[in-house]
Amino acid sequence: MTSELAARLLQWYAENARSLPWRGHPDPYAVLVSEFMLQQTQVDTVIPYFNAWMERFPDAASLAAAPVGDVLRQWEGLGYYSRARNLHAAAGQICARFGGQVPAEVSQLESLPGIGPYTARAVASIAFGADELALDGNIRRVLSRLADMALPARSKEGKAALTAFGRQHLPGGKAGDFNQALMDLGATLCTPRQPACGRCPLAEHCAAHALGVEEARPVLPPRKTVPHYIVTAAILQRDGLILLAQRKPDGLLGGMWEFPGGKQQPDETLADCLARELQEELGVEAAIGAPFGVYRHAYTHFKVTLHAFFCTLMQGEPQPLDAAQLRWVQPAELRDFAMGKIDRQIAENLLAQLKER
DNA sequence: AATGCGTGGAA
DNA sequence: TTTCCAAGCAT
């Protein structure tokens, strides 16, 4: 039994579905890759990464066989790098436990690293036609408005209420389209601010719209103010090679490569900061030379202003005291190492400068 | 349960 | 320029 709400939604989707590279493909691996990339990341950002990824790693076996460094390099720029490590590990388990085929059951999917309640149900419904509601940010927002839910949308009770409401309308055998239709609606019309209710196929069914409180739904927790750190980084050169440090596997930018350095402490000059960091992280004494740019970047939970400097080793051989490993690399090799946004910018500026001379 | 985890686009 | 926040998961 398809509710009138679901029928209208599916009709709208038939006429307005976005054309996306992972849609219309029967390949569950392609759906899985797209869902990993889409976690907390917008469609327009994902599309070029998805296309390049499928070219490079067309199936679970090719991904599982690749070195994790290559996987991170391919993911570079998408952020939340644990997703890349988890997808790589999941591909390994898919080959080892499921004969190279993405499993169809929610419980099997959730047993894979990086797959939680949302991704498991998205893959099960989209790739395998299972009757599952996939509750993501878009669907949470749309359903919160349709039901005018006053509960915090991300609380345990809120999620349970939204799941129950969504399941009431879930059309049997069409859950994949239902989920994707709600997500498209949320991304294009039922947006966080200034939703286009005038063009919404569900406006007549929307309790929040009837009350004019669309923008008050969903109820979200208040944002916290983020700290701002001043950090330094060193470009250490020797015999034409440049020193890179690989971050430890977990935490911020886990497994990514960077120019060594760290946070400035109170009452410390930038030069003092960098000299101290190089002593602590590499066990060396270094002279701090010419500045090489100021870089600003906003992460989710803090902001950074980074000051880069050319440095010269004075005493000691660099040791990976705080890094997973150190490498002296040729300038041309810089592009082979996965880096976060700021360090990639430094590396590219460095290459440009070396090319000039 | 609360927190940490990237980046880019929109307003 | 600043603020918000987007197809979540792990711990």
Side-chain angles (χ1 to χ4, degrees), chain A residues 17-18 20-23 30-50 72 75-87 89-90 109-127 132-143 152-159 176 178-188 190-195 215 218 220-228 247-256 258 295-304 338-345:
Chain A
R18 291 178 290 179
L20 304 175
W22 49 88
R23 284 188 178 163
V31 175
L32 184 72
V33 169
S34 74
E35 291 301 340
F36 264 83
M37 291 186 169
L38 287 162
Q39 289 168 9
Q40 296 283 273
T41 308
Q42 294 179 338
V43 162
D44 289 344
T45 302
V46 165
I47 288 173
Y49 281 89
F50 174 82
L72 283 171
W75 196 273
E76 182 185 303
L78 260 187
Y80 287 135
Y81 296 95
S82 65
R83 294 183 296 173
R85 306 175 69 86
N86 283 334
L87 178 53
L109 287 161
E110 275 193 303
S111 77
L112 295 170
I115 298 186
Y118 163 75
T119 303
R121 286 163 179 78
V123 172
S125 65
I126 295 170
E132 297 283 353
L133 181 77
L135 199 61
D136 82 313
N138 279 314
I139 298 182
R140 243 190 347 255
R141 183 171 60 257
V142 174
L143 296 182
R154 306 200 63 153
S155 67
K156 188 177 174 183
E157 297 77 13
K159 283 187 284 190
F178 182 77
N179 287 326
Q180 293 182 89
L182 284 174
M183 289 190 266
D184 273 23
L185 190 71
T188 61
C190 195
T191 50
R193 284 164 295 183
Q194 301 183 5
E215 295 206 40
L220 297 174
R223 294 240 158 196
K224 293 174 182 175
T225 58
V226 300
H228 184 172
R247 298 176 64 92
K248 290 176 176 173
D250 298 314
L252 185 74
L253 299 169
M256 306 292 276
E258 67 181 6
Y295 305 81
R296 298 172 213 287
H297 189 62
Y299 296 87
T300 309
H301 294 286
F302 59 94
K303 294 179 192 173
V304 160
M339 301 178 185
K341 180 80 186 305
I342 290 184
D343 290 278
R344 178 57 66 203
Q345 218 170 317

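Residue numbering restarts at 1 for every chain, and letters A, B, ... go by the order of the sequence lines.
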Kindly point out which of [options] is positioned nearest to the side chain of [X]?
| X | options | answer |
| --- | --- | --- |
| Tyr81(A) | dA6(C), dG8(C), dT7(B) | dT7(B) |
| Thr41(A) | dA6(C), dG6(B), dC9(C) | dG6(B) |
| Thr119(A) | dC4(C), dA6(C), dG8(C) | dG8(C) |
| Lys156(A) | dC5(B), dA1(B), dC9(C) | dA1(B) |
| Asn86(A) | dA10(C), dG8(C), dG6(B) | dA10(C) |
| Arg141(A) | dC5(B), dA6(C), dC4(C) | dA6(C) |

Do Thr45(A) and Leu78(A) have side chains that get closer than 4.5 Å, going by heavy atoms?
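A side-chain contact under 4.5 Å exists here.
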Should Arg247(A) and Asp343(A) count as an ion pair when the cut-off is N to O under 4.0 Å?
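Salt bridge absent between Arg247(A) and Asp343(A).
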For Val46(A), which of Gln39(A), Glu35(A), Met37(A) qualifies under side chain to side chain contact (heavy atoms under 4.5 Å, CB included)?
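Looking at Gln39(A), Glu35(A), Met37(A), the match for Val46(A) under the side chain to side chain contact (heavy atoms under 4.5 Å, CB included) is Met37(A).
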Base, sugar-phosphate or nothing for [X]? Non-hydrogen atoms, less than 4.0 Å.
| X | answer |
| --- | --- |
| Leu253(A) | sugar-phosphate |
| Arg23(A) | base |
| Trp75(A) | nothing |
| Leu20(A) | base |
| Arg18(A) | base |
| Ile139(A) | nothing |
| Gly186(A) | nothing |
| Val46(A) | nothing |
| Ala298(A) | base |

Expressed in angstrom and rounded to an integer, what is the separation of [X] atom [atom1] from [N] atom [atom2]?
| X | N | atom1 | atom2 | answer |
| --- | --- | --- | --- | --- |
| Lys303(A) | dT2(C) | NZ | C1' | 7 Å |
| Asp184(A) | dA6(C) | CG | P | 16 Å |
| Arg83(A) | dT7(B) | CZ | P | 10 Å |
| Glu76(A) | dG8(B) | CD | P | 10 Å |
| Lys248(A) | dC5(B) | NZ | P | 14 Å |
| Tyr299(A) | dG4(B) | OH | C1' | 14 Å |
| Leu220(A) | dC5(C) | CG | C1' | 9 Å |
| Gln40(A) | dC9(C) | CD | C1' | 9 Å |

N or O in side chain of [X] less than 4.0 angstrom from [N] OP1/OP2:
| X | N | result |
| --- | --- | --- |
| Gln39(A) | dG8(C) | no |
| Lys159(A) | dA1(B) | no |
| His297(A) | dG6(B) | no |

Distance check, rounded to the nearest 0.5 Å: Ile342(A) atom CD1 versus Gln345(A) atom CD?
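The distance works out to 7.5 Å.
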CG of Asp136(A) to CZ of Arg121(A): how many Å apart, nearest 0.5 Å?
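Taking CG in Asp136(A) and CZ in Arg121(A), the distance rounds to 13.0 Å.
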Using heavy atoms to find the nearest nucleotide of DNA chain C for Pro192(A) and Ala120(A) separately, return the residue whose nucleotide is more 5′.
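First, find each residue's nearest nucleotide; the 5'-ward one identifies Pro192(A).
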Would you mind telling me which residue lines up with the more 5' stretch of DNA chain C, Trp22(A) or Ile115(A), judged by nearest nucleotide?
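The residue mapped nearer the 5' terminus is Trp22(A).
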If you find the nucleotide of DNA chain B closest to Thr45(A) and the one closest to Glu157(A), which residue's nucleotide is nearer the 5' end?
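With Thr45(A) and Glu157(A) compared, the 5'-side residue is Glu157(A).
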For Gln42(A) and for Lys224(A), find the nucleotide of DNA chain B with the closest heavy atom, then tell me which residue's nucleotide is more 5'.
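In this pair, the answer is Lys224(A).
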Closest approach of Glu76(A) and Tyr49(A), non-hydrogen atoms and distance?
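So the minimum-distance heavy-atom pair works out to O-OH, 2.9 Å.
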Verify stack between His301(A) ring and dT3(B) base, 5.5 Å, 30 degrees:
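The ring of His301(A) is not stacked on dT3(B).
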Do the side-chain N and O atoms of Gln40(A) and Arg83(A) include a donor-acceptor pair separated by under 3.5 angstrom?
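No, because no side-chain N or O of Gln40(A) sits under 3.5 Å from a partner of the opposite role on Arg83(A).
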How far, in whole Å, is dT3(C) from dG6(B) if one measures between their P atoms?
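These two P atoms come out 22 Å apart once rounded.
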